[in-house]
Amino acid sequence: MDIWSVHLRPILDCNEDWMRVIPLMSPELQTKIYKFRKPDDRLRTLCGELLLQLYASERWGIDRTDLVKKYNPYGKPELAKYPAYHYNISHSGDWVVSAFDNNLVGVDIEKIAPIEMSIAERFFSPSEVNLLWNQKEEQRQSFFYDLWTLKESYIKAEGAGLSIPLNSFSFEFQEHNKVDFYRSGEADSSWYFHQYTIDPGYALSVCGREPVFPKQVKAMSWDTLIQVIQQV
């Protein structure tokens, strides 16, 4: 597994040269990008696709023009011609993150912002709600997002969307950042989880089939990203 990220703020603050890249994308992607009115949203979508194209080229040996996508019944994108390769993209605020693996994988990043804690009663399991309220008040908000991103990473890896109720499974936290996973009250070792800190204002969780995760998230610059469209 590999996890790559892009920090959007330096790209947005620098100039608008990135907009010149959009016409070099496929017609389908251009349509998707231009549906967004805000530059931030357009750039998030563009960077997510560039992460996929660059990784596919460098690690899987797949040309960017050969990345034909299909979608499962819940809307999760898959590579139609290369079913053995898996990826998942998430973005929030100033970050876009993508996880790549030879097994099913899910990733979720969320900007930590004020939120109504009563939401936990609707979406978290009873044990998770107890864990949340047992946190110190100043740590409760970040803990909420730790749980939320873990849950999102799992349902994205499964590819079944919110057809899986968020309160139908739960997590417990052990020493050394180990996360235990439970479904229907029983321990489930078919999925593994890891959390990363790439920015103190964000929570980031990854779900995969194997217990080995990369030590860190690899940051990609804009200049590195666009190398994939400069290849002959």
Side-chain angles (χ1 to χ4, degrees), residues 3 5-13 35-45 47-48 74-76 88-99 105-174 177-185 188 191-208 213 216-217 219:
I3 308 166
S5 68
V6 183
H7 191 198
L8 303 183
R9 189 50 47 190
I11 304 172
L12 287 165
D13 288 347
K35 284 183 179 179
F36 297 105
R37 299 179 63 182
K38 295 182 179 179
D40 298 38
D41 293 327
R42 291 181 175 184
L43 183 59
R44 289 185 188 102
T45 303
C47 285
Y74 300 95
K76 182 181 180 179
N88 195 231
I89 300 171
S90 180
H91 52 72
S92 179
D94 290 340
W95 289 95
V96 177
V97 181
S98 188
V105 64
V107 61
D108 190 58
I109 186 170
E110 299 288 345
K111 185 176 182 178
I112 298 173
I115 193 168
E116 178 54 58
M117 288 295 165
S118 62
I119 292 177
E121 305 284 346
R122 295 170 52 199
F123 297 110
F124 291 176
S125 70
S127 62
E128 291 170 330
V129 173
N130 288 334
L131 278 175
L132 178 66
W133 291 112
N134 284 334
Q135 302 299 309
K136 294 180 181 179
E137 185 175 354
E138 63 272 18
Q139 298 173 342
R140 203 168 289 155
Q141 181 175 265
S142 61
F143 188 80
F144 175 94
Y145 283 98
D146 283 341
L147 280 173
W148 187 268
T149 56
L150 283 169
K151 287 179 171 292
E152 286 286 333
S153 72
Y154 166 64
I155 64 173
K156 292 179 72 178
E158 282 276 19
L162 291 177
S163 67
I164 303 175
L166 290 176
N167 59 4
S168 67
F169 58 93
S170 62
F171 298 92
E172 289 185 3
F173 297 87
Q174 308 298 336
N177 297 320
K178 185 176 183 297
V179 179
D180 290 337
F181 178 51
Y182 295 84
R183 285 195 295 188
S184 302
D188 186 332
W191 293 100
Y192 298 88
F193 299 84
H194 195 74
Q195 296 187 292
Y196 296 88
T197 301
I198 61 172
D199 186 315
Y202 291 77
L204 170 60
S205 297
V206 182
C207 170
F213 291 85
Q216 61 186 13
V217 177

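It should be emphasised that the depicted structure is a prediction, and the values quoted were computed from it without experimental measurement. Just the heavy atoms: all of them, side chains too, but no hydrogens, waters or symmetry mates, feed the values below.
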*Which pair of heavy atoms, one from Arg140 and one from Gln135, lies closest together, and at what distance?*
NH2-O, 3.0 Å
*Verify, without hydrogens or angle tests, whether Tyr145 (side chain) and Ala113 (backbone) share a donor-acceptor contact under 3.5 angstrom.*
yes
_So Val96 and Ile89, do their side chains get closer than 4.5 Å, heavy atoms only?_
yes
*Could you tell me whether the side chain of Pro39 reaches within less than 4.5 Å of the side chain of Leu43, counting heavy atoms only?*
no
*Knowing that exactly one of Phe181, Tyr154, Phe143 qualifies, which makes a ring-ring contact (aromatic ring centres under 6.0 Å, His included) with Phe171?*
Phe181
*For atom CD of Gln174, is the number of surrounding heavy atoms from other residues, nucleotides or ligands below 6.0 Å larger than 12?*
yes
*Over all heavy atoms of both residues, which pair between Phe213 and Tyr192 is shortest? Give the atoms and the distance, please.*
CZ-O, 3.4 Å
_Is any side-chain heavy atom of Asp108 closer than 4.5 Å to one of Ser205?_
no
*asked:* Could you check whether atom CD of Glu121 has more than 12 heavy atoms from other residues, nucleotides or ligands sitting under 6.0 Å from it?
replied: yes
*Please examine the side chains of Val206 and Ser153, heavy atoms only from C-beta on, and report whether any two atoms are closer than 4.5 Å.*
no
*Under 4.5 Å between any side-chain heavy atoms of Phe124 and Lys151, yes or no?*
yes
*For the pair Trp148 and Phe123, name the ring-plane relationship: parallel under 30°, tilted 30 to 60°, perpendicular over 60°.*
perpendicular
_Could you check whether any side-chain N or O of Ser98 sits under 3.5 Å from a backbone N or O of Asn88, counting only pairs where one atom can act as donor and the other as acceptor?_
yes
*asked:* Counting the benzene-type ring for Trp, do Phe169 and Tyr182 have ring centres under 6.0 Å apart?
replied: no
_Contact summary for Ile115 and Gln141, nearest pair of heavy atoms_ = N-OE1, 4.1 Å
*So, Arg44 side chain and Gly93 main chain: donor-acceptor pair closer than 3.5 Å or not?*
yes
_Could you report the tightest heavy-atom contact between Gly106 and Ala157, atom names first, then the distance?_
N-CB, 3.5 Å
*What do the steps show when you test Asp40 against Arg9 for side-chain contact (heavy atoms from CB on, under 4.5 Å), and what is the final call?*
CA-CA 9 Å; Asp40 298 38; Arg9 189 50 47 190; 3.5 Å; yes
*Between His194 and Tyr196, does the ring centre distance come in under 6.0 Å?*
yes
*At their closest point, which heavy atom of Val107 faces which heavy atom of Ser90, and how far apart are they?*
O-CB, 3.4 Å
*What heavy-atom pair brings Ser5 and Val97 nearest, and what distance separates the two atoms?*
CB-CG2, 4.1 Å
_Other residues, nucleotides, ligands: >12 heavy atoms within 6.0 Å of Phe173 CZ_ = yes
*What do the steps show when you test Ile119 against Phe144 for side-chain contact (heavy atoms from CB on, under 4.5 Å), and what is the final call?*
CA-CA 10 Å; Ile119 292 177; Phe144 175 94; 4.3 Å; yes
*Report the C-alpha separation of Ile11 and Val6 in whole Å, then their side-chain angles, then the decisive distance to 0.1 Å, and conclude whether the side-chain contact (heavy atoms from CB on, under 4.5 Å) test is met.*
CA-CA 9 Å; Ile11 304 172; Val6 183; 3.8 Å; yes
_Using a 3.5 Å distance criterion without hydrogens, assess whether the side chain of Tyr202 forms a donor-acceptor pair with backbone atoms of Asp94._
yes
*Apply side-chain contact (heavy atoms from CB on, under 4.5 Å) to the pair Ile198 and Ile109, showing each step before the final yes or no.*
CA-CA 10 Å; Ile198 61 172; Ile109 186 170; 3.8 Å; yes
